[in-house]
Each structure stands twice: as C-alpha cells, then as structure tokens.
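Nothing fancy with the numbering, it's 1 onward along the sequence.
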Amino acid sequence: MSLGVGMIDVNVVPDMIADPSAFEDDAVFRLKAAQSAIRRECGWHVMPNTALSGVINSRGGSVIRLPARHVTSIESLTDRQGNPLAYAYDPETGLVESMSGGFPAGIAAIRYEIHAGYDDAPDVQSVLISAAKRAGMSPLGLITSQSTNGSSASFDMVPLMQAEKDKLKPYRLGGLP
C-alpha cells in the first residue's frame, strides 16, 4: 500500500538528528549534553532564572509543589477555569500551601505562571564544566551497561559522578512534606 501525498507512515519515527552529516560532537554539544544530565538529575532547569508556565496535576490537599525551586515570583496560580487561588509559598523549595481550604484535584487542575531558577550557582556550573570536559575525553562515551552473549553495550555520553550528584542535592526537587 502506498501513502498519499503529504501522508506520513505512522510506523516510521523521525530521527532525533535530522541531518547526521551536519552534526558536530564538539564542546557546545557536550555542554548541552552535560546541562541535560544536570536537569534530569535535579528534575527541573535550575539555571537561569526564567519565566515558566504550565499546569500541575493535583490530588487536592493543602500543599502542592511547583515544578521548580528558587521561585522568585508567582505571577499567577489559578484553577482550570482561571479563578485565582489563595496561597502562601516557600520560594526556596517551591512548596505552595493553600490558604482557602485546599487545592483542586485532578489532571491539569492548577495553572501557574512563575519566575524560577538561579542566576548564580557556581557549584552547578562547576558540575557542568566537569561533566562536559569528561565527555570530551572519550570519543565513544562511557559504558553504562554491557552484556556478553547478547553482544550489546549501552553508552552514556555525560554521566554524573557521585560527587557531582552530591553537589546537586540542594537543587533537586523533593517530595511533599
């Protein structure tokens, strides 16, 4: 069966790098890869301070967590219908307490517009530089898993060392109290 003009074969997933011939595994790429590793480890963007908006799934209750720490301002916190919610918040942890009997429950029950992130975090930047430099030392990356009889190996271009993960602990999103 052939596809019509403009139709996409849903069984073919496009490549992450559309044009591999234009791909450069250089310092910029490694910095971006190390930045992604840090953001995965911490669960949010960490740096820089920037405007964020989105929705939060909520089970209700009196406390929710914004998807960021070091919240410098909350421009808007509303329910699905756009009604403002009464709240108090801890800017360092991103925890928000309802001041009106509880938050609405449900998928995408709360909408937010905030500014969050650090403009200056030398410890995070040192992890970024260290991880990016380490990635540049091995052109194949570091082996994260391997099997013998199945003849497969997995590589992680920018793994974080335990000491680096320890430096990032204060920046990780935590659980609810």
Side-chain angles (χ1 to χ4, degrees), residues 16-17 25-137 141-142 144 156-177:
M16 289 181 155
I17 299 172
D25 180 11
D26 58 7
V28 171
F29 171 77
R30 290 183 179 119
L31 278 169
K32 287 182 179 182
Q35 176 177 276
S36 293
I38 289 169
R39 290 177 172 173
R40 272 191 310 277
E41 178 69 21
C42 293
W44 67 295
H45 79 280
V46 186
M47 294 182 76
N49 187 288
T50 190
L52 302 171
S53 63
V55 296
I56 299 172
N57 300 331
S58 171
R59 293 183 179 174
S62 61
V63 178
I64 59 169
R65 170 175 299 292
L66 293 170
R69 295 183 65 125
H70 197 69
V71 177
T72 55
S73 66
I74 296 179
E75 282 72 34
S76 173
L77 193 66
T78 65
D79 64 14
R80 277 189 200 104
Q81 291 74 35
N83 301 312
L85 301 171
Y87 62 88
Y89 77 102
D90 177 3
E92 280 309 307
T93 64
L95 294 175
V96 181
E97 181 180 12
S98 173
M99 303 307 285
S100 59
F103 287 108
I107 306 277
I110 301 167
R111 299 181 187 281
Y112 65 89
E113 292 180 15
I114 63 174
H115 277 81
Y118 295 86
D119 285 323
D120 186 38
D123 45 349
V124 175
Q125 290 169 318
S126 73
V127 170
L128 174 71
I129 292 165
S130 174
K133 282 183 179 179
R134 194 172 48 259
M137 288 185 219
L142 301 173
T144 58
D156 187 357
M157 184 63 184
V158 185
L160 296 175
M161 307 302 273
Q162 188 58 51
E164 293 167 335
K165 290 179 180 183
D166 291 344
K167 279 185 183 179
L168 296 174
K169 276 184 185 176
Y171 300 95
R172 283 191 202 133
L173 289 180
L176 292 173

When you compare the side chain of [Y] with that of [X], does any pair of heavy atoms fall below 4.5 Å?
{"X": "S73", "Y": "I114", "result": "no"}
{"X": "K165", "Y": "R172", "result": "yes"}
{"X": "V124", "Y": "I38", "result": "yes"}

Sub-3.5 Å donor-acceptor pair from the side chain of [X] to the main-chain atoms of [Y], do we have one?
{"X": "S130", "Y": "S126", "result": "no"}
{"X": "W44", "Y": "Y171", "result": "yes"}
{"X": "S58", "Y": "G60", "result": "yes"}
{"X": "R111", "Y": "S53", "result": "no"}

Least distance between heavy atoms, [X] atom then [Y] atom:
{"X": "I64", "Y": "F103", "answer": "CG2-CD1, 3.6 Å"}
{"X": "C42", "Y": "L168", "answer": "SG-CB, 3.9 Å"}
{"X": "G117", "Y": "N49", "answer": "O-ND2, 3.0 Å"}
{"X": "R65", "Y": "I56", "answer": "O-CD1, 4.1 Å"}
{"X": "Y89", "Y": "V96", "answer": "CB-CG2, 3.9 Å"}
{"X": "V71", "Y": "G94", "answer": "CG2-CA, 4.1 Å"}

Exercise for review: Give a yes or no on whether a salt bridge exists between E164 and R134, defined as a side-chain N under 4.0 angstrom from a carboxylate O.
Suggested key: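 Yes, E164 and R134 are salt-bridged.
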Practice item. Considering only NZ, NE, NH1 and NH2 on the basic side and carboxylate oxygens on the acidic side, decide whether R69 and E92 come within less than 4.0 Å. Key: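 Salt bridge between R69 and E92, a charged N being under 4.0 Å from a carboxylate O: no.
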Do any side-chain atoms of residues 79-87 form donor-acceptor pairs under 3.5 angstrom with protein atoms, and if so which ones, sequence neighbours left out?
unit_1	atom_1	unit_2	atom_2	d
D79	OD1	Q81	N	3.0
D79	OD1	G82	N	3.1
D79	OD1	N83	N	2.8
D79	OD1	N83	ND2	3.4
D79	OD2	N83	ND2	3.1
R80	NE	I107	O	3.3
R80	NH2	I107	O	2.8

Point to revise | Worked check of side-chain contact (heavy atoms from CB on, under 4.5 Å) between D119 and M47 | key: CA-CA 6 Å; D119 285 323; M47 294 182 76; over 6 Å; no
Practice item. Report the C-alpha distance between E41 and K169 in whole Å, list the side-chain angles of each, state the deciding distance to 0.1 Å, and finish with yes or no for side-chain contact (heavy atoms from CB on, under 4.5 Å). Key: CA-CA 9 Å; E41 178 69 21; K169 276 184 185 176; over 6 Å; no
Check your understanding: Are T93 and D90 linked by a side-chain donor-acceptor pair shorter than 3.5 Å?
Key ->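 Side-chain D/A pair, T93 to D90: present.
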Review point. When the ring planes of H70 and Y118 are compared, do they come out parallel, tilted or perpendicular, using 30° and 60° as the limits?
Key: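 Rings of H70 and Y118: parallel, as their planes differ by under 30°.
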Exercise for review: Starting at CG of L66, measure out to CD1 of I74 and round the result to the nearest 0.5 Å.
Suggested key: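 The CG atom of L66 sits 5.0 Å away from the CD1 atom of I74.
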Exercise for review: Could you walk me through whether T50 and H115 pass side-chain contact (heavy atoms from CB on, under 4.5 Å), step by step?
Suggested key: CA-CA 5 Å; T50 190; H115 277 81; 5.9 Å; no
Point to revise | With sequence neighbours excluded, residues passing side chain to side chain donor-acceptor pair (under 3.5 Å) with R39 | key: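 With sequence neighbours excluded, R39 shows a side chain to side chain donor-acceptor pair (under 3.5 Å) to no residue whatsoever.
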Practice item. Start with the C-alpha gap between I110 and T78, add the side-chain angles, then the distance that decides, and say whether side-chain contact (heavy atoms from CB on, under 4.5 Å) holds. Key: CA-CA 6 Å; I110 301 167; T78 65; over 6 Å; no
